[in-house]
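I have placed the structure first, in the form of structure tokens, so that the comments after it can refer back to it.
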Amino acid sequence: MSVESNYQVAKELYAKYGIDTDAALKKLAEIPVSIHCWQIDDLTGLENFEGKLTGGIAATGNAGGKPKSIPEYFEQLEEALKLIPGKKKVATHAIYHNAGMSVDRDQIEPKHFTHWVEFAKKMNVGLDFNPTYFSHPKSEDGFTLSSNNEEIRKFWVEHGKRCRKIGEYFGRELGQTCYTNHWIPDGYKDTTVDKLGPRKILEKSLDEIFEEKIDPKYNVDSVESKLFGLGSEAYVTGSHEFYTNYVAHKGNCIICMDAGHFHPTEVISSKLSSYLAFGQEIMLHVSRPVRWDSDHVTILDDETKAIMEEIKRCDAFDKVHIGLDFFDGSINRIAATAIGGRSAKKAILLALLEPTQELMEAEHAGNFTKRLALLEEIKGLPFGLVWAKYCDMCGCEQDDWIKRY
Ligand code: RNT
Ligand code: ZN
């Protein structure tokens, strides 16, 4: 049985439910997934290969093959990207500049990131960006943008400002908007008395960083909240409520939600519509928390499927920007990047193959029996055959690649 004849069978079966698989494949090809660059090297960065990861996040595991040089790093990233079919962006981080330790974070400039533009052009991908407010001596006491030490706060404000200019440079060079995501590790380990103080400082720092208007054609900023980190279990300055209010009041940036940054039974899929109701754009870090913010590789699990379904149901693929964020050092890092990217794409395809219109009509008519019955029956449709066709269309291996790892 060939991919094509299998696809024809699938096409017929989906058509019975009113689903046009050709249209779904066409739409899938237009939706970019932003692949984070840091699974390849456990978030070490190119700034300092001996650098230590701090900020309350951790890549555990010691699988071999971690890149030891800049060329090796890009070779591996390229290999991973080739295993992910369809449209992609790459999200890079400030510590992936090419100036070594001689240029501090408050001095970085677009010229230190030309290698990323070259790589993006070669791979035909867009770029997203992230300031690195961690893994640095000036973040060691646990506070950056919300620090009450003015020298430290200023240093990180300067970093944030410069990162937006790098985002703008990426956007201009590649002709597509760069989403620059600001995540800070700030918080306290134990019972916190002054919870308001650091948040007022953070507000001021963000106001300063976002003061300069940058054309949203080139750069849009997002702010990423968190519930807790290692060493900031009791209090995190940049909480979800803080950033939600910041975004709504200031209108100078958008929210970023990471699937691993909430209470264990709290899901981001159910939050999307509340932002979309107000016309807001959203940045996502699709990750997989296992009991805590563990940053396991994204898979085709219930929440990843629910996220993509929700975007489809809200018709918001142009408003919700899908990015990945995980780092697992216990398995091959190239394969880990590929597995996460492919799983996100699969989840998008599944969502596109949903008979949403019919489900909505049933719901609006009060026919909840039909809604549930239909939702359950479509789970048996041969989605894998459509996925195989997609990989084929994109010139991407379906499963042969697994043998190499
Ligand atoms: C940390 C945040 C953040 C980082 C990246 C590397 O908890 O999720 O997004 O993972 O900046
Ligand atoms: Zn994240």
Side-chain angles (χ1 to χ4, degrees), residues 1-31 33 84-87 259 264-274 276-277 284 286 288-290 297-320 322 324 339-394 396 398-399:
M1 291 290 269
S2 71
V3 169
E4 187 53 38
S5 56
N6 283 341
Y7 175 65
Q8 289 307 324
V9 173
K11 187 173 162 162
E12 239 176 73
L13 292 169
Y14 273 102
K16 276 196 357 200
Y17 288 85
I19 303 159
D20 179 346
T21 50
D22 289 344
L25 288 175
K26 190 160 168 268
K27 177 84 187 165
L28 180 62
E30 290 164 8
I31 302 169
V33 171
I84 305 166
K87 198 163 170 185
T265 58
E266 194 180 355
V267 285
I268 62 170
S269 52
S270 65
K271 297 179 189 293
L272 301 178
S273 54
S274 297
L276 294 169
L284 294 184
V286 183
R288 178 165 52 109
V290 176
V297 178
T298 300
I299 57 171
L300 192 58
D301 58 4
D302 286 349
E303 173 58 1
T304 305
K305 287 191 268 188
I307 289 169
M308 305 312 173
E309 275 164 13
E310 192 57 25
I311 305 175
K312 154 92 185 304
R313 292 170 185 172
C314 295
D315 191 19
F317 280 110
D318 58 336
K319 285 223 145 46
V320 183
I322 304 163
L324 306 181
I339 293 165
R342 292 171 69 95
S343 299
K345 293 268 184 185
K346 284 179 193 164
I348 298 172
L349 176 59
L350 265 175
L352 295 173
L353 292 171
E354 181 192 78
T356 307
Q357 181 76 22
E358 204 180 341
L359 285 162
M360 291 236 180
E361 278 165 18
E363 181 168 293
H364 295 157
N367 191 344
F368 308 137
T369 311
K370 180 175 178 185
R371 179 180 65 184
L372 188 62
L374 202 50
L375 279 170
E376 286 306 292
E377 285 312 315
I378 56 174
K379 287 179 183 169
L381 288 173
F383 136 84
L385 305 185
V386 185
W387 172 253
K389 167 78 178 170
Y390 184 66
C391 291
D392 207 47
M393 269 169 57
C394 297
C396 194
Q398 202 210 332
D399 49 18

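- Note that the CD1 atom of Ile307 and the CD1 atom of Ile322 stand 9.0 Å from one another [nearest 0.5 Å].
- Side chain to side chain, Gln8 and Glu12 fail the donor-acceptor criterion of an N or O pair below 3.5 Å.
- When the side chain to side chain contact (heavy atoms under 4.5 Å, CB included) test is applied to Leu350, the partners found at least two apart in sequence or on another chain are Leu300, Lys305, Phe383.
- Every residue two or more places apart in sequence or in another chain was checked for a side chain to side chain donor-acceptor pair (under 3.5 Å) with Lys16, and none qualifies.
- Under the rule for a side chain to side chain donor-acceptor pair (under 3.5 Å), Glu30 has no partner lying at least two apart in sequence or in another chain.
- Residue pairs meeting the salt bridge (Lys or Arg N to Asp or Glu O under 4.0 Å) criterion with at least one member in residues 342-353, sequence neighbours excluded, do not occur.
- For the atom pair OG (Ser343) and CG (Asp301), the distance works out to 8.5 Å, reported to the nearest 0.5 Å.
- Considering CZ of Arg313 and CD of Glu354, their distance stands at 4.0 Å, rounded to 0.5 Å.
- The shortest heavy-atom contact between Pro85 and Cys391 is CG-SG, 4.1 Å.
- A search for salt bridge (charged side-chain N to carboxylate O under 4.0 Å, His left out) contacts involving Lys389 returns Glu4, not counting sequence neighbours.
- Taking the side chain as every heavy atom from C-beta outward, Thr21 and Leu352 never approach each other to under 4.5 Å.
- Rounding to the nearest 0.5 Å gives a distance of 10.0 Å between CG of Asp20 and NZ of Lys26.
- Every side chain to side chain donor-acceptor pair (under 3.5 Å) that Asp22 has, sequence neighbours left out, goes to Tyr7, Lys11.
- Using a distance-only test at 3.5 Å, with no hydrogens or angles considered, no donor-acceptor pair links the side chain of Lys319 to the main chain of Leu276.
- The neighbour count for Asp318 CG, taken as heavy atoms of other residues, nucleotides or ligands under 6.0 Å away, is above 12.
- With sequence neighbours excluded, no residue satisfies side chain to side chain donor-acceptor pair (under 3.5 Å) with Ser270.
- The CZ atom of Phe317 sits 8.5 Å away from atom CG of Leu28, with the distance rounded to the nearest 0.5 Å.
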**OP:** Report the C-alpha separation of Val267 and Asp302 in whole Å, then their side-chain angles, then the decisive distance to 0.1 Å, and conclude whether the side-chain contact (heavy atoms from CB on, under 4.5 Å) test is met.
**Re:** CA-CA 10 Å; Val267 285; Asp302 286 349; over 6 Å; no

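- The shortest distance between side-chain heavy atoms of Leu381 and Leu353 does not fall below 4.5 Å.
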**OP:** With side-chain contact (heavy atoms from CB on, under 4.5 Å) as the test, would you mind laying out the steps for Ile311 and Ile348 before giving the verdict?
**Re:** CA-CA 9 Å; Ile311 305 175; Ile348 298 172; over 6 Å; no

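- Take Glu310 and apply the salt bridge (charged side-chain N to carboxylate O under 4.0 Å, His left out) test, not counting sequence neighbours, and it matches no residue.
- Side chain of Gln398 to backbone of Asp392: no donor-acceptor contact under 3.5 angstrom is found.
- For the pair Thr304 (side chain) and Ile299 (backbone), a donor-acceptor distance under 3.5 Å is present.
- Ala344 pairs by the side chain to side chain contact (heavy atoms under 4.5 Å, CB included) definition with Val33, Met308, Leu324, not counting sequence neighbours.
- Side-chain contact between Ile378 and Pro355 is present, with at least one heavy-atom pair separated by less than 4.5 Å.
- In this structure the side chain of Pro382 reaches within 4.5 angstrom of the side chain of Tyr14, judged on heavy atoms.
- The number of heavy atoms from other shown groups lying within 6.0 Å of CD (Glu377) does not exceed 12.
- Among residues two or more places apart in sequence or in another chain, the salt bridge (charged side-chain N to carboxylate O under 4.0 Å, His left out) test is passed with Glu376 by Lys379.
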Atom pairs and distances, side-chain donor-acceptor, residues 368-375, under 3.5 Å, sequence neighbours left out:
residue	atom	partner	partner atom	Å
Lys370	NZ	Glu358	OE2	3.2
Arg371	NH1	Glu363	OE1	2.9

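- Not counting sequence neighbours, the partners of Lys271 by the salt bridge (charged side-chain N to carboxylate O under 4.0 Å, His left out) test are Glu266.
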